[in-house]
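Reviewing the structure listed below.
All heavy atoms count here, side chains included; hydrogens, waters and symmetry mates do not. Atoms within a ligand are numbered from 1 in the order they appear, just like the ligands themselves.
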Amino acid sequence: MADKKATLKVDGIEEVLELPVYEGSVGPDVVDVRSLTGKGLFTYDPGFVSTAATESKITYIDGAAGVLLHRGYPIDQLAEKSDYLETCFLLLHGELPSAEQKETFVSTIKNHTMVHEQLSHFFNGFRRDAHPMAIMCGVVGALSAFYHDSLDIHDEHHRMVSAHRLIAKMPTLAAMVYKYSIGQPFMYPQNELTYSENFLHMMFNTPCEEKKISPILAKAMDRIFLLHADHEQNASTSTVRLAGSTGANPFACIASGIAALWGPAHGGANEAVLNMLNEIGDESNIDAFVAKAKDKEDPFRLMGFGHRVYKNFDPRAKVMKQTCDEVLAELGMEDDPLLKIAMKLEKIATEDEYFIKRGLYPNVDFYSGIILKAIGIPTEMFTVIFATGRTPGWIAHWNEMISSDYRIGRPRQLYTGYPKRDYPA
Ligand code: SDX
């Protein structure tokens, strides 16, 4: 039971309403407003700025302090000491795996990396120049047409099989999307490769030539996947939860998350950052773009800047910048012109009162695109990379909800339309 209470006096309602207040292990308390419907009241919170939609144990964010914890472990420590598949296990199961558990998990993922051969026919229906995210929405949703043996969402084993299949197959599908766009044959996954080596193999090797995958690029790819793995109740994760609350199968729920992630205000920002840096073109143009971003009459916003939760800095951006420096140095690309524009833009913006006052700093998307470009991944594939990295987070939240005593999500509204009126006689 809640020890703390909130009291609410509402004009027009005689009684003083008492609402339970719950404490988390860390972070803000929450006021339980479920009883308000019975009093003929709704809460009003467009954009869910101050709404806790669920209880969760997976990820904690402190926006003011720039803290991001996955099952309690800080993101910078995971980025330095862990790897992507170990972080996937952590998000799914709540604890870091033992050496034996990790070996089993890695082997399980490896043995699910191939997709049903008939899935490759789905691609032929798309134009070669289709946006890669349009294809990903389609082919990931289509996975439910192939895996009927793991769709009982109330069976824990089925949920884990679906989780393994999704984590394993996303890189394969992502690489297929890229190969289809450049007219090259699909490459099959190779079980002797690591997760990130395999992805780069499927992206850049061909049947005519199988180059050894650079360990530098594989490590950078693994770090990028890890930094995108989960992020609390963001727009796409909330979409996955809402879709899951209806009982939809996990493949359909992840497809809904991919669709939500596509928007430039969310996961589409990494692609938009590169397009913006290319449009700026030269450091001499930065001031004009910063002015546009501050102009209320201009819809332009500085892509890769700002965040609903982080108001000082995004801890992922710090690690991403460090990775960016490492990768470009190791590739001899320290003088990358886009990096120079990005660093100058960051300096100008973070010293500008408009951005400081609004707590606008580089977010996870600001530097990731420069690394992806250095790895050789085309800009329109960036959000596909984000979706691939975020899959364990989406599926962990879906699994946490389905394992709990959940209800279908069904928000209400403040109605300001016409009251009842009769059809003209
Ligand atoms: C991701 O939620 C998550 O966790 C998402 C994510 C994840 O891992 O899942 O972290 C991934 O989506 C990162 C964000 C990527 N998006 C971008 O980089 C696009 C650019 N950023 C903005 O669109 C914006 O900052 C948002 C969408 C990220 C946040 O929007 P909010 O919280 O609704 O903030 P807001 O629109 O209310 O802005 C507050 C003020 C406004 O000015 P005022 O009306 O107060 O004068 O800040 C301004 C905004 O105009 N503002 C910006 C700006 N972002 C906000 N002005 C210029 N450039 C910007 N980028």
Using a distance threshold of 4.0 Å (strictly less than), state whether atom 9 (O) of ligand 1 has a protein heavy-atom neighbour. yes

Could you check whether Asp352 pairs with Lys347 (Lys NZ or Arg NE/NH1/NH2 to Asp/Glu carboxylate O, under 4.0 Å)? no

Just checking, any donor-acceptor pair under 3.5 angstrom between side chains of Asp314 and Tyr361? no

Step-by-step ring-ring contact (aromatic ring centres under 6.0 Å, His included) determination, Phe199 to Phe225: CA-CA 11 Å; Phe199 174 63; Phe225 285 141; 5.6 Å; yes

Would Gln233 count as a contact of ligand 1 if the rule is a heavy atom under 4.0 Å away? no

Tell me: protein heavy atom nearest atom 55 (C) of ligand 1, and distance? Leu360 CD2, 3.6 Å

Option set Gly393, Ala317, Pro264, Gly306, criterion heavy-atom distance to atom 28 (C) of ligand 1, minimum: Gly306

Going through the distances and angles, do His164 and Thr108 end up as a side-chain hydrogen bond (donor to acceptor under 3.5 Å, both in side chains)? CA-CA 7 Å; His164 296 155; Thr108 301; 5.3 Å; no

Protein contact to atom 13 (C) of ligand 1 [nearest heavy atom, distance to 0.1 Å]: Asp365 OD2, 3.4 Å

Does the pair Lys340/Asp336 count as a salt bridge with the N-to-O cut at 4.0 Å? no

Look at Glu346 together with Lys321 and state whether they make a salt bridge at an N to O cut-off of under 4.0 Å. no

Just go through Ala265, Ala229, Pro362 and tell me whose heavy atom is the nearest to atom 16 (N) of ligand 1. Ala265

How far does OH of Tyr178 sit from CE of Met202, to the nearest 0.5 angstrom? 14.0 Å

Could you tell me whether a side-chain N or O of His201 sits under 3.5 Å from a main-chain N or O of Tyr188, the two making a donor and an acceptor? yes

Shortest protein heavy-atom distance from atom 58 (N) of ligand 1, along with the residue and atom involved: Leu302 N, 3.0 Å

Can you check which of Tyr354, Phe305, Tyr310 brings a heavy atom nearest to atom 56 (N) of ligand 1? Tyr354

Enumerated ligand 1 atoms positioned under 4.0 Å from heavy atoms of Ala269: 15 (C), 16 (N), 17 (C), 18 (O)

List the closest protein heavy-atom neighbour of atom 14 (C) of ligand 1: residue, atom name, distance to the nearest 0.1 Å. Asn363 ND2, 3.5 Å

Heavy atoms of the protein only: does one fall short of 4.0 Å from atom 52 (C) of ligand 1? yes

Atoms of ligand 1, numbered as shown, that sit under 4.0 Å from any heavy atom of Gly304: 17 (C), 18 (O)

Can you tell me the protein heavy atom closest to atom 2 (O) of ligand 1 and the distance? Asn234 CB, 3.4 Å

Whether the side chain of Ser404 engages the backbone of Met401 through a donor-acceptor N/O pair (distance < 3.5 Å, no angle test) should be reported. yes

With a 4.0 Å cut-off, would you call Glu23 and Lys4 a salt bridge? yes

The test is ring-ring contact (aromatic ring centres under 6.0 Å, His included); show your working for His307 and His231 and say whether it passes. CA-CA 12 Å; His307 198 277; His231 212 240; 5.3 Å; yes

Right, does atom 26 (C) of ligand 1 have protein non-hydrogen atoms nearer than 4.0 Å? no

Starting from atom 4 (O) of ligand 1, find the nearest protein heavy-atom neighbour and note its residue, name and distance. His231 ND1, 2.6 Å

Among all the protein's heavy atoms, is there at least one whose distance to atom 42 (O) of ligand 1 comes out below 4.0 Å? yes

May I ask you to decide whether Asp149 forms a salt bridge with Arg165, counting only side-chain N to carboxylate O separations under 4.0 Å? yes

Looking only at non-hydrogen atoms, which of Glu232, Lys296, His307, Arg316 approaches atom 3 (C) of ligand 1 most closely? His307

Of Lys311, Arg358, Arg301, which has the heavy atom at the shortest distance from atom 35 (P) of ligand 1? Arg301

Closest approach of any protein heavy atom to atom 12 (O) of ligand 1, naming residue and atom: His266 ND1, 2.9 Å

Treating Asp62 as the side-chain partner and Gly66 as the backbone partner, does any N or O pair qualify as donor plus acceptor under 3.5 Å? no

Run the numbers for me: atoms of ligand 1, each under 4.0 Å from some heavy atom of Ala293, listed by number. 56 (N), 57 (C)

At what distance is the nearest protein heavy atom to atom 32 (O) of ligand 1, and which residue and atom is it? Arg308 NE, 2.7 Å

Show which atoms of ligand 1 fall inside a sub-4.0 Å distance from at least one heavy-atom site of Arg390. 7 (C), 8 (O), 9 (O)

